[in-house]
Amino acid sequence: MRALDRKLLRDLRRIWAQSLAIALVLACGIMVLVMADGTLRSLSETRAAYYDRHRFADVFAGVTRAPRSLLDQVAAIDGVAQAEARIVLPAVLDLDGMAEPATARVLSLPASGTPALNLPLLRAGRMPDPLREAEVLVNEPFAEKNALHPGDRFRITLKGQRRDLVVAGVILSPEFIYTIGPGTIMPDDRHFGLIWMNEAPLAAAADLDGAFNDLTLGLARGASEAAVIAALDRLLAPYGGTGAQGRDRQVSHVFLNSEFQQLTTISVTIPPVFLIVSAFLVNMVLGRLIALERSQIGLLKALGYGTGQIAGHYLKMSVGIGIGGVAMGLAAGWRAGQWMTGLYAEYFRFPWLIYDPGPRALTLSAALGMAAVVLGALRAVWSSARLAPAVAMSPPAPPTFHRGWVDGVGRLLALRQSSMMILRSVTRWPGRAAVTFFGVAASVAVLVGCFFMFDAMDLMMDELFVQANRQDVTLILADARNDIAVTDAQGLPGVRLAEGGFALPVRLSFGATSRLTTLQARADGAELTRLLDPEGHAIALPGDGLVLPERLAGRLGVQPGDRVQVELLVPPRETWQVEVTGLIRQSLGEEVHMARAAVFRRMRQPPQVNMIHLSVDPAALPALNARVKATPAIAGLTSWTDVEAEVEASTDRSMKSVTLIFSALGVLIALGVVYNAARIQLAERAHELASLRVLGFSRAEVGFVLVGEMMLLALLAIPAGWGLGYGFAALVHQGFSTDVVSLPFQITRRTYGLAALMVGVAALVAALWVRRGLDRVDLVQALKQRE
Amino acid sequence: MTSAEADAPAVLRTEAITKVYRTGAVAVQALRGVSLALAEGDLVVLLGASGSGKSTLLNILGGLDRPTEGQVWFREQNLTTLSDSELTLYRRAHVGFVFQFYNLVPSLTARENVALVTEIATAPMRPEEALDRVGLGARLNHFPAELSGGEQQRVAIARAIAKRPGLLLCDEPTGALDSATGITVLEALVEVNRDLGAATVLITHNAAIQAIADRVITMADGRIAGDSRNAVPLRPAQVSW
Ligand SMILES: Nc1ncnc2c1ncn2[C@@H]1O[C@H](COP(=O)(O)OP(=O)(O)OP(=O)(O)O)[C@@H](O)[C@H]1O
Ligand SMILES: [Mg+2]
């Protein structure tokens with residue numbers, strides 16, 4: 001090994017703790033990048049392969065009843081490669097040992113046996129015998145949660161008729177990677193199942209012989225999805241088409257997309273902070289090292305080393321730190337990626353899912369990591385390597401201190417000399433102080449951004465389960481009923497209050513943009529379900545106006561006062577012009593709302609309900625469940641208490657643990673920065689601090705000079721970190737608000753306070769840790785040093 | 001000019017070099033026209049009061065710095081026209097430096113400090129050989145902090161001679177040493193000068209040391225104030241101070 005490289009290794013070993021601190025900060029950035037981008041790639045590649053192999057459809061459409069003969073016309077639409085008609089019906093499940101009502105969606109299997117689109121993947125058993133009416137397929141998560149195996153029997157109520165079924169096979173489907181039942185917001189595989197049944201018995205039960213009510217299309221390469229959807233909508237409208245949609249509105253697909261977007265957000269917001277901080281740290285540490293080695297640099301030049309060689313030598317040093325950080329980051333990122341992929345495997349049912357970050361995440365993160373340290377080193381290295389040899393040989397002039405505003409401040413506050421030393425040092429090395437300041441602020445910002453997620457979740461939970469949805473139970477009716485159903489519901493066991501609701505599919509258009517959504521016709525003065533304005537206060541519905549969630553309004557470009565077109569996709573299939581009278585905060589879903597009276601006045605019908613919200617005495621819940629199960633008119637039941645518990649458990653498992661990890665990483669920034677800055681101060685001022693000791697200052701008083709400077713900078717940096725954190729949280733908010741969820745944006749004082757406290761403590765710990773070094777400074781030695 | 005100077009070919013020649021340092025508004029004239037020629041193998045002692053321009057001259061001869069005016073030739077090469085990287089190559093190939101404060105790299109051992117030079121020189125001796133010459137063959141693996149001042153300075157000399165330089169420039173090499181240690185260092189220098197034939201310039205404040213020189217140049221106020229030859233140079237051990 002060359003002598004210069006030996007020097008490099010020994011220097012690195014000498015400042016190993018500082019190098020390690022930098023490498024760790026860098027490693028955090030790399031880790032998050034490898035984890036998030038690698039997980040994203042693993043998920044999206046797996047999804048793409050799964051879709052491809054199992055021919056996931058491109059376009060989906062529902063219809064009331066269309067003759068099979070229409071299929072030829074559908075297939076003839078330009079761009080359609082494949083069209084498959086199905087029958088899809090809701091059913092109520094009757095499983096042994098389950099007291100609560102459970103529901104299912106039943107999908108038909110074509111007479112030929114296997115679908116041409118959305119191919120099922122058999123996990124156990126076999127495909128049903130087309131001649132055996134009772135044989136069905138069920139989806140694997142449902143089978144697992146209910147311990148259903150091939151050969152097991154269970155019962156469903158389909159269109160009011162009870163049927164006995166036998167599980168022939170257990171499958172996964174690309175259509176249901178993420179499964180969510182109607183009227184709820186979380187997967188509940190125990191109480192919601194997917195059942196694939198032979199077509200003939202299903203058609204008979206639904207009175208759909210020779211007809212279908214659901215359509216899936218595969219598109220030809222290069223086909224225009226929008227054109228196909230438009231043509232399909234025209235074709236299906238006379239048969240009660242409820243609007244065709246592409247994959248971008250298919251529930252399972254959209255949930256995956258939402259997750260992908262959030263992963264992308266993680267990988268573009270968090271790593272840059274760490275990379276930038278590492279660059280600054282390298283700059284600070286190397287800058288000082290080079291300043292100390294001025295005479296060695298001069299010597300090397302005198303010996304005949306060229307500028308490039310010397311620059312290369314110090315660059316290698318930062319590269320060494322970079323390699324360490326990148327290696328640690330890649331290893332940790334790989335592990336974290338596996339863990340995170342495992343988390344996703346709980347919610348997303350892929351037939352296979354292996355964490356494989358692929359070359360992109362690895363090379364990109366390695367390249368960015370190295371770029372950060374090299375850029376950080378560049379300035380210091382370059383300025384030093386360019387020193388003229390004779391100049392480098394002479395020792396640097398002692399730092400010049402100027403009289404200035406600091407003295408004024410000092411006199412004004414009657415500061416002691418030790419405090420003056422702190423102030424002077426900060427103003428003497430503004431660059432170094434700036435790095436500390438920036439690092440601490442970045443640390444606070446990361447924490448604010450992370451804790452903001454908790455604020456948003458709390459707010460969202462409060463909105464969902466306390467403010468907006470105050471019902472304990474929502475009943476989904478099999479068919480629309482008149483208001484007497486609500487009165488009947490009032491008589492169910494334990495019911496304290498019942499309120500009816502009515503939901504119908506609509507297409508909302510404003511100018512050139514349109515969106516398929518659901519119109520909720522709400523009872524006036526409803527107590528159980530309420531709408532909240534953007535500030536979170538309950539609002540009353542207008543006499544005849546439409547209220548939109550903020551996000552949907554933004555998507556359509558609608559503002560209060562605008563008139564939008566509301567096209568009913570169920571009879572009477574009219575189109576209304578309705579004024580938008582208000583915007584609401586709604587974290588989940590994109591439903592739009594109108595007063596029930598207004599909706600039915602416009603429909604010229606007596607008011608109806610197809611769902612009933614109940615406030616229930618918890619003690620009476622078992623009795624209520626039993627009654628619901630025995631009432632065919634009720635197609636399903638959502639227990640909001642269960643949903644709340646499930647949402648809480650799932651955010652605890654995934655989002656909160658991930659966020660906690662990120663906050664730990666955020667604290668590491670403060671530790672790394674303050675540790676490095678304090679180490680440099682200690683080394684640089686050992687002589688000065690030792691002199692203080694000789695003059696009779698106590699250890700604590702001398703320590704104050706060192707720790708005090710760090711804490712002063714940290715305290716100043718905290719408000720700046722709050723500001724940065726607000727921006728960071730806004731980015732996170734933006735990136736985490738997807739088609740599925742729109743997070744409320746509000747940062748609590750608790751978040752600001754906690755971030756400041758944690759970073760302050762971290763800074764103090766790091767500074768005190770370094771302060772211990774003061775005890776080891778040999779007074780005599782320190783005073784003798786030339787430096 | 002003495003006759004000896006005319007006989008031996010000049011390895012280094014300067015012509016009316018001046019050096020002006022500018023710091024802010026103040027200009028310091030460090031050299032005011034120095035012309036001299038150094039013969040191959042000569043051991044030159046450079047004397048002069050503090051601030052007389054000795055180090056400045058030495059730095060210019062060694063290619064560490066450039067004159068404000070005037071010319072410097074090393075053999076056929078005009079140093080004043082060289083670029084920075086060409087000057088670097090000049091130092092690398094031909095010049096060995098020894099400084100007052102040893103200037104060893106603290107994180108490298110004696111051998112490695114020498115290797116620092118032998119790795120980039122064209123026909124160097126082995127680091128062990130160079131250290132042997134200064135009597136440090138047994139201390140190869142010691143770090144500078146583990147060596148005495150005299151030993152450190154001898155490592156610096158080994159480092160300077162390992163490349164077999166044409167020119168050996170020493171700026172107060174004994175300045176930080178006691179007299180006994182200084183003598184061992186000087187002995188190492190003289191021996192190397194005789195064995196390798198490198199033209200050697202040695203700055204010192206110690207007038208007694210001039211006795212070991214072939215030639216003694218005295219500087220005053222940026223000019224050469226005296227230039228004489230010793231008929232019989234003494235061995236360092238014969239000098240006392
Ligand atoms: N980098 C510099 N900037 C400004 N002035 C300088 C610089 N280097 C040297 N000088 C000035 O040039 C003059 C000659 O300095 P030089 O170092 O050559 O003296 P010297 O003879 O080596 O003195 P000493 O015996 O004290 O080492 C002095 O007046 C010195 O102050
Ligand atoms: Mg000098």
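To find a chain, count down the sequence lines: A is the first, B the second, and so on, and within it residues start at 1. These values consider heavy atoms only, across backbone and side chains, with no hydrogens, waters or symmetry-generated copies.
B:Leu108 contributes atom CG, which lies 6.0 Å from atom CZ of A:Arg10 (distance to the nearest 0.5 angstrom). With rounding to the nearest 0.5 angstrom, the OH atom of A:Tyr305 is 7.5 Å from the CZ atom of B:Arg92. Taking OG from B:Ser107 and CZ from A:Arg13, the interatomic distance works out to 10.0 Å, rounded to the nearest 0.5 Å. Here the straight-line distance linking atom CZ of B:Phe99 with atom CG of A:Leu299 works out to 6.5 Å at 0.5 Å rounding.
Of the residues B:Val95, B:Thr88, B:Leu116, the one that meets the side-chain contact (heavy atoms from CB on, under 4.5 Å) test with A:Leu303 is B:Leu116.
Looking at B:Phe143, the atoms closer than 4.5 Å to chain A (heavy atoms on both sides) all sit in the side chain, from C-beta outward. Of the two parts of A:Leu300, only the side chain, counted from C-beta on, holds a non-hydrogen atom closer than 4.5 Å to a non-hydrogen atom of chain B. In this structure, no portion of A:Glu293 lies under 4.5 Å from any heavy atom of chain B.
The number of heavy-atom neighbours closer than 6.0 Å to CH2 of B:Trp73, taken from other residues, nucleotides and ligands shown, is above 12. Within a 6.0 Å radius of CZ in B:Arg75, other residues, nucleotides and ligands contribute more than 12 heavy atoms.
A search for side chain to side chain contact (heavy atoms under 4.5 Å, CB included) contacts involving B:Asp84 returns B:Arg66, not counting sequence neighbours.
Checked for salt-bridge contact, B:Glu112 and A:Arg2 miss the test: no charged N lies under 4.0 Å from a carboxylate O.
Counting heavy atoms from C-beta outward, B:Leu104 and A:Gln296 have side chains that stay 4.5 Å or more apart.
Among all heavy-atom pairs drawn from A:Gln309 and B:Ile120, the shortest one is NE2-CG2, 4.0 Å.
Ranked by heavy-atom pairs shorter than 4.5 Å toward chain A, the options B:Asn59, B:Val105, B:Asp65 are led by B:Val105.
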